[in-house]
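Model, not experiment: these values are computed from the prediction. Just so it is clear: chains get the letters A, B, ... in the order the sequence lines come, proteins before strands, and each one is counted from 1. Hydrogens, waters and symmetry mates play no part in the numbers below; they use all other heavy atoms, side chains included.
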Protein chains: 4
Amino acid sequence: MSKDKIIRAAIEVFSENGYHRASMDEIALRAQVAKGTLYYNFPGKSQLFKTIVKEGFENIMQRTQADLNAPLPIKEQILRIIRHHLDLFLESRHFSHIVFNELSNGIEQDVLEELKQLRREHLHFLASILETAKCEENLLRDVDANLAAASIIGTLESTCNYYLSHPNAYSRDDLERYVFTIITQGLFISID
Amino acid sequence: MSKDKIIRAAIEVFSENGYHRASMDEIALRAQVAKGTLYYNFPGKSQLFKTIVKEGFENIMQRTQADLNAPLPIKEQILRIIRHHLDLFLESRHFSHIVFNELSNGIEQDVLEELKQLRREHLHFLASILETAKCEENLLRDVDANLAAASIIGTLESTCNYYLSHPNAYSRDDLERYVFTIITQGLFISID
Amino acid sequence: MSKDKIIRAAIEVFSENGYHRASMDEIALRAQVAKGTLYYNFPGKSQLFKTIVKEGFENIMQRTQADLNAPLPIKEQILRIIRHHLDLFLESRHFSHIVFNELSNGIEQDVLEELKQLRREHLHFLASILETAKCEENLLRDVDANLAAASIIGTLESTCNYYLSHPNAYSRDDLERYVFTIITQGLFISID
Amino acid sequence: MSKDKIIRAAIEVFSENGYHRASMDEIALRAQVAKGTLYYNFPGKSQLFKTIVKEGFENIMQRTQADLNAPLPIKEQILRIIRHHLDLFLESRHFSHIVFNELSNGIEQDVLEELKQLRREHLHFLASILETAKCEENLLRDVDANLAAASIIGTLESTCNYYLSHPNAYSRDDLERYVFTIITQGLFISID
DNA sequence: CATGAATGAGAGTTCATTCAT
DNA sequence: CATGAATGAACTCTCATTCAT
């Protein structure tokens with residue numbers, strides 16, 4: 001089906017070039033459809049972009065949620081959150097960069113607003129997991145859950161970035177462990 | 001002098017619109033110089049952008065360095081690092097976003113390479129401060145200093161972002177304290 | 001039947017948007033048929049347009065003719081011509097604008113030629129009524145009947161236009177009377 | 001100068017093709033400038049069109065006004081109005097068609113509104129000449145001056161149209177005389 | 001030093017038309 | 001009879017860059 005081919009191609013092209021340098025011509029070429037077919041299936045470039053980002057957010061939230069269904073200690077929950085996000089970040093580096101960072105300027109105002117909303121929802125999704133854990137287990141430091149969630153995302157994004165430009169510095173497992181340590185040792189209550 | 005006027009205007013325009021939506025016309029207009037003057041002073045758009053990002057990095061590194069000249073405990077050093085970065089992030093939100101995030105795709109390859117190098121240098125600058133502290137004071141957890149630095153930057157960037165879209169949630173001082181807690185409680189050794 | 005639905009929808013859309021801005025998509029949407037159905041029933045956009053214009057001309061000529069079947073004094077005949085044209089012009093303003101004015105440029109050459117022919121026929125139809133009256137009653141000034149007919153159409157078109165953009169200036173009846181006066185006092189012989 | 005070349009070319013192209021079929025490429029080609037030069041000098045297609053129509057209206061109003069400076073009997077004034085409009089209509093047939101008819105649909109709403117305003121001003125200009133004459137000389141029939149002006153324009157437009165498609169029917173002088181008769185015998189008071 | 005008119009490659013988008021079903 | 005997904009040529013418009021002055 002054309003729609004799927006287009007989305008697959010668009011992910012590629014947006015990932016490789018960023019929103020602005022990605023051209024509809026290139027996407028059509030990559031999807032092996034005519035340019036008009038893009039506009040038959042999507043209202044325009046920004047809407048196509050939105051669709052993709054939306055799917056990305058939903059994808060990672062679903063994957064995370066599915067894995068947290070069973071009752072798990074918060075430590076394990078955070079580990080899994082980190083693992084899923086690392087999967088996304090490392091498997092499709094540019095795509096995740098788009099999802100988490102390219103939402104700043106230079107996109108049509110209305111679509112931008114929707115995308116920011118999506119990002120907020122993702123953050124609240126993580127925050128709610130933390131909040132639940134904080135209440136139930138009393139293991140988390142008394143920090144605003146939203147800020148904590150923001151910190152997790154920022155740390156993941158930034159460390160992955162570093163990891164990817166230093167491919168031989170440590171293994172994927174090391175990275176996971178390091179990040180877990182950095183995050184949790186600040187989130188778990190410790191005797192000072 | 002024209003060069004200064006151009007740089008000031010360019011910071012504004014790049015900040016407000018991102019790299020691609022910023023136009024040389026707009027920059028010339030804001031700088032109150034003719035379009036040709038831009039090309040008299042800078043080889044092109046990407047070079048102008050590079051100049052600005054470079055100045056941004058140098059600025060924050062200088063400000064931080066200057067404040068760390070006196071011998072200070074690591075806790076105080078980190079607090080000051082956070083404070084300077086919050087200053088930069090909150091005072092010129094979009095500019096810092098450019099500096100820390102817009103360096104991904106869609107910029108001319110050669111300039112992009114230089115910018116990534118700058119970002120690496122900034123990260124290493126922070127990492128070296130941490131490294132020194134780790135050796136001298138043995139207060140820091142045994143985590144790769146570069147990853148720790150990346151985590152700090154990511155956390156700052158991400159939490160500021162949240163803070164700015166929820167202006168009334170907490171005060172600037174609260175934010176500073178929260179971020180400090182999140183970062184340090186993971187970086188300082190604690191008895192588990 | 002699809003054909004009728006299409007024609008009704010097409011009249012609406014052409015009227016509201018003019019030939020070029022009217023899109024086949026919009027017509028199909030309004031007619032509640034699939035786009036392909038348009039091309040099943042009509043060879044293309046210009047032919048569909050031609051069909052509509054043709055029906056418009058035939059409609060007004062029939063209405064006028066029907067009303068002039070009984071032998072009437074020329075004064076009454078002209079009044080009825082005016083009345084029928086005002087009906088058409090005022091009831092479906094844009095449609096009549098299309099019929100009388102949009103036949104100039106920018107339509108496929110072959111269809112355009114046919115449409116101009118239709119306009120000529122309409123003009124000759126009016127002219128023949130005037131000509132008959134001139135011979136039989138000797139009440140009309142010695143002016144070329146075709147020019148006189150052209151003048152009537154031009155006056156109707158132009159005054160309706162004015163009337164429609166000044167809705168409260170005079171009543172429909174006033175307009176009819178004024179136009180009648182303007183036209184006839186130039187067409188009837190008067191002692192100078 | 002580029003601006004002049006563009007306007008000259010645009011008049012040609014708009015006249016030959018109507019607003020929608022006229023392409024900016026064609027105008028640039030005809031003007032022997034690059035496409036970008038069009039947009040350097042005019043904000044867009046509709047604005048370019050507006051400029052041209054505006055100049056057309058101003059041109060004919062100026063020419064007419066200049067010729068009516070000396071105090072003339074109304075009969076002579078109307079003759080001159082007719083003459084100037086015939087000049088415009090016959091010399092640049094398509095241009096005048098644009099000016100007087102292509103202002104209906106399918107042009108950007110804001111520009112369309114301005115153009116309609118121009119047409120209204122032109123009509124009021126003619127109406128004011130008639131009004132003055134009516135008051136001063138008491139020679140004009142008691143018909144609303146605006147409708148009378150509309151009638152003149154409509155008659156001129158429509159008869160010229162006919163004249164141009166029947167080039168050999170009568171001479172330009174005949175046309176002028178006929179039109180003058182048609183118009184004035186309805187405007188001058190006559191004993192019925 | 002500085003200008004700004006001019007450029008042209010390339011972008012996003014529209015839409016009449018086709019054709020396999 | 002009717003459909004609607006797919007097409008691709010043509011369109012308007014943007015903008016970094018150049019160069020004669």
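Ring geometry for C:H20 versus D:H20: interplanar angle under 30°, hence parallel rather than tilted (30 to 60°). Between C:Y19 and C:F14, the two ring planes are parallel [angle under 30°; tilted spans 30° to 60°].
Under the 3.5 Å distance criterion, the side-chain polar atoms of C:T37 are left unmatched by any main-chain donor or acceptor of C:V33. A donor-acceptor pair under 3.5 Å links the side-chain atoms of B:N17 to the main chain of B:V13, judged by distance alone. One N or O on the side chain of A:K45 and one on the backbone of A:A22 form a donor-acceptor pair closer than 3.5 Å. Remark: the backbone N or O of D:I27 is not paired with any side-chain donor or acceptor of D:K35 at under 3.5 angstrom.
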| message | Go through it in stages, so that I can follow the logic: the residues are A:R30 and A:E16, the test is salt bridge (charged side-chain N to carboxylate O under 4.0 Å, His left out), and I'd like the CA-CA distance, side-chain angles, deciding distance and then a yes or no. | response | CA-CA 12 Å; A:R30 212 74 85 86; A:E16 289 168 18; 2.9 Å; yes
| message | For DNA chain E, please output the secondary structure as dot-bracket, reading 5' to 3'. Pairs are Watson-Crick or G-U wobble, both atom distances under 3.5 Å; mark crossing pairs with [ ], other-strand partners with |, unpaired with a dot. | response | .||||||||||||||||||||
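Distance B:Q32 CD to E:dG4 C1': 16 Å, rounded to the nearest Å. Across the protein-nucleic acid pair, B:K5 atom NZ and E:dC1 atom C1' stand 12 Å apart, rounded to whole Å. Atom-to-atom, CG of D:L29 to C1' of F:dC11 comes out at 15 Å; the value is rounded to the nearest Å. Put simply, CZ on C:F42 is 13 Å from P on F:dC1, counting in whole angstrom units. One interatomic measurement links the two molecules: CD of D:E26 to C1' of F:dC11, which rounds to 13 Å at whole-angstrom precision. What separates CG of A:N41 from C1' of E:dT14 is a distance of 15 Å, to the nearest Å. For the pair A:I6 CD1 and E:dG12 P, the computed distance is 14 Å after rounding to whole Å.
Residue C:Q32 places its CD atom among 12 or fewer non-hydrogen atoms of other residues, nucleotides or ligands, all under 6.0 Å distant.
The minimum heavy-atom distance linking C:M24 with C:L38 is given by the pair O-CD2, 3.4 Å.
When each of A:L38 and C:K3 is assigned the nucleotide of DNA chain F with its nearest heavy atom, C:K3 is the one assigned upstream, toward the 5' end.
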| request: Sugar-phosphate atoms are those with a prime plus P, OP1 and OP2; base atoms are the rest. Using that split, label each nucleotide of nucleotides 12-21 of chain F B, S or - for protein heavy atoms under 4.0 Å, 5' to 3'. | output: BBB-BBB---
